[in-house]
Amino acid sequence: SQKERADARTRLKLDKDDKVVLCISRLEPGKGIDKLVLGFIQVAQKIPQAKLIIVGNDATNETLSLILHVRKQYKLDDKVFYYPGEYDIRKYHAAADVFCYPALAKGMAVVEAMAAGLPVVGKKTIRKPLVVVDQVSGLMTKPSARFPIDPEQIAEKLDYLLERPLISRSMGKLGRQKILREFTLPRVIAEVL
């Protein structure tokens, strides 16, 4: 609801006009969080109200060190925020405009974001089940010659969605409908049985 969104943004010290990208993931190599942070540099330069919230734990401190380094080097202390992982993630979903999971367009974090009505930016996959439908419930990146997870493509997709809130909200609604249609408890139980 609009009230829950406003409350979440107040608790996270975000302005109502901020354009918020959310990533909830373990911060480990292979998840692509480093590529998201590098891509976000371009987003922040193009969209002054852009903010990136990363929620997760980093057992090695490798990715967290990169996040802190990029924040300092590019003067993004007021744009890139890190919160240790927690179970109460609803406030993050409520505050966000777009969810980005760089490594894949599937998984529990993606399903939760779609259930919250967020469009998803992630890497195109052929693995089943295909949760995010490209151009319908989110935007997919493809491996490039330089990177399996391309920071420039992430930036491009995030820019597109953040600058087009009507399209972004429409994709979020379609994603939520898909989750309610295909991933409800009765449906999953019936498939397991």
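All values below were derived from every heavy atom in this structure, side-chain atoms included, with hydrogens, water molecules and symmetry-related copies excluded.
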message = Do Ile89 and Leu118 land in one hydrophobic cluster if side-chain heavy atoms of ILVMFWY residues count as linked below 4.5 Å?
response = yes

inquiry  = Any salt bridge linking Lys35 with Glu152? Criterion: basic side-chain nitrogen under 4.0 Å from a carboxylate oxygen.
reply    = no

query = Is any side-chain heavy atom of Asp150 less than 4.5 Å from a side-chain heavy atom of Ile154?
reply = no

inquiry  = side chain to side chain contact (heavy atoms under 4.5 Å, CB included) for Glu163 and Ile47? Distances and angles first, verdict last.
reply    = CA-CA 8 Å; Glu163 292 186 331; Ile47 304 172; 3.7 Å; yes

Polar side-chain atom of Thr10 near backbone of Ala6 as donor-acceptor pair, under 3.5 Å = yes

message = Would you say Lys123 and Tyr101 are linked by a side-chain donor-acceptor pair, where the criterion is simply a distance under 3.5 Å?
response = no

task = Would you check if the side chain of Arg5 reaches a backbone N or O of Ala96 as a donor-acceptor pair within less than 3.5 Å?
result = yes

inquiry  = Determine whether a donor-acceptor pair (N or O, by modelled atom type, separation under 3.5 Å) exists between the side chain of Tyr74 and the backbone of Gln45.
reply    = no

ask   = Of all heavy-atom pairs between Leu76 and Ala44, which one has the smallest distance, and what is that distance?
value = CD2-CB, 3.8 Å

request  = Taking all heavy atoms of Pro151 and all of Leu38, pick out the closest pair and write down the distance.
outcome  = CB-CB, 4.2 Å

ask   = Side chain of Arg176, backbone of Ala116: donor and acceptor closer than 3.5 Å?
value = no

task = Determine, for Lys19 against Asp97, whether the closest basic-nitrogen to carboxylate-oxygen distance falls under 4.0 angstrom.
result = no

task = Could you tell me whether the side chain of Ile67 reaches within less than 4.5 Å of the side chain of Leu27, counting heavy atoms only?
result = yes

ask   = Would you say the side chain of Ser168 lies within less than 4.5 Å of the side chain of Val98, judging by non-hydrogen atoms?
value = yes

inquiry  = Using the rule given for side chain to side chain contact (heavy atoms under 4.5 Å, CB included), can you reason through Met171 versus Leu139, listing the C-alpha separation, both sets of side-chain angles and the distance that settles it, and then say yes or no?
reply    = CA-CA 9 Å; Met171 285 184 171; Leu139 299 174; 3.7 Å; yes

task = Determine whether Glu156 and Thr141 make a side-chain contact, defined as any pair of heavy atoms from C-beta on separated by less than 4.5 Å.
result = no

query = Should Arg9 and Asp15 count as side-chain neighbours, where that means a heavy-atom distance under 4.5 Å?
reply = no

inquiry  = Is it the case that atom CZ in Arg26 sees more than 12 heavy atoms from other parts of the structure closer than 6.0 Å?
reply    = no

With Asp7 via side chain to side chain contact (heavy atoms under 4.5 Å, CB included) - residues at least two apart = Lys3

Qualifying residues under side chain to side chain contact (heavy atoms under 4.5 Å, CB included), relative to Lys173, sequence neighbours excluded = none

message = Show the nearest heavy-atom pair for residues Val131 and Phe183, with the distance to one decimal.
response = CG2-CZ, 4.2 Å

key: Any donor-acceptor pair under 3.5 Å from Gln153 side chain to Lys142 backbone   = yes

inquiry  = Are more than 12 heavy atoms, taken from residues, nucleotides or ligands other than Gln2, located less than 6.0 Å from that residue's CD atom?
reply    = no

ask   = Atom OG1 in Thr63, atom CG in Leu68: separation rounded to 0.5 Å?
value = 11.0 Å

request  = Indicate if Met140 and Val133 have the same hydrophobic cluster label, given that clusters are the connected sets of ILVMFWY residues with side-chain heavy-atom separations under 4.5 angstrom.
outcome  = no

key: Within-4.5 Å side-chain heavy-atom neighbours: Val70 and Val80   = no

request  = To the nearest 0.5 angstrom, please state how far the CG atom of Leu66 sits from the CD atom of Gln73.
outcome  = 9.5 Å

request  = Take Cys23 and Ile33 through the side chain to side chain contact (heavy atoms under 4.5 Å, CB included) test and state the conclusion after the steps.
outcome  = CA-CA 8 Å; Cys23 178; Ile33 311 306; 3.4 Å; yes

ask   = Does one hydrophobic cluster hold both Tyr83 and Leu22, with members joined at side-chain heavy-atom distances below 4.5 Å?
value = yes

query = Once you round to the nearest 0.5 Å, how far does CD of Gln177 lie from CE of Met114?
reply = 10.5 Å

ask   = Between Gly39 and Ala155, which heavy-atom pair has the shortest distance, and what is it?
value = O-CB, 3.3 Å

inquiry  = As an exercise, state the distance from NZ of Lys79 to CZ of Arg71, rounded to the nearest 0.5 Å.
reply    = 12.5 Å

ask   = Honestly curious: do Val37 and Val20 fall in one hydrophobic cluster under the side-chain, below-4.5 Å linking rule?
value = no

key: Shortest non-hydrogen contact between Ser137 and Gly175, atoms and distance   = CB-CA, 3.6 Å

remark   = Distance col, row Asp18:CG vs Leu162:CG, nearest 0.5 angstrom, shows 11.0 Å

ask   = Looking at Gly85 and Val55, what are the two nearest heavy atoms and their distance?
value = CA-CG1, 4.1 Å

Side-chain H-bond candidate by donor/acceptor type, Tyr92 with Glu112, under 3.5 Å = no

Test item: Phe81 and Leu52 side chains (from C-beta on) under 4.5 Å apart, heavy atoms = no

Same apolar cluster (I L V M F W Y, side chains within < 4.5 Å links), Ile54/Phe40 = yes

ask   = Rounded to the nearest 0.5 Å, how far apart are CD1 of Ile149 and CG of Asp34?
value = 7.5 Å

ask   = Passes salt bridge (charged side-chain N to carboxylate O under 4.0 Å, His left out), Glu86 versus Lys91? Steps please.
value = CA-CA 11 Å; Glu86 59 179 273; Lys91 67 179 170 273; 2.9 Å; yes

request  = Report yes if the side chains of Ile53 and Leu14 come closer than 4.5 Å at any heavy-atom pair, otherwise no.
outcome  = yes

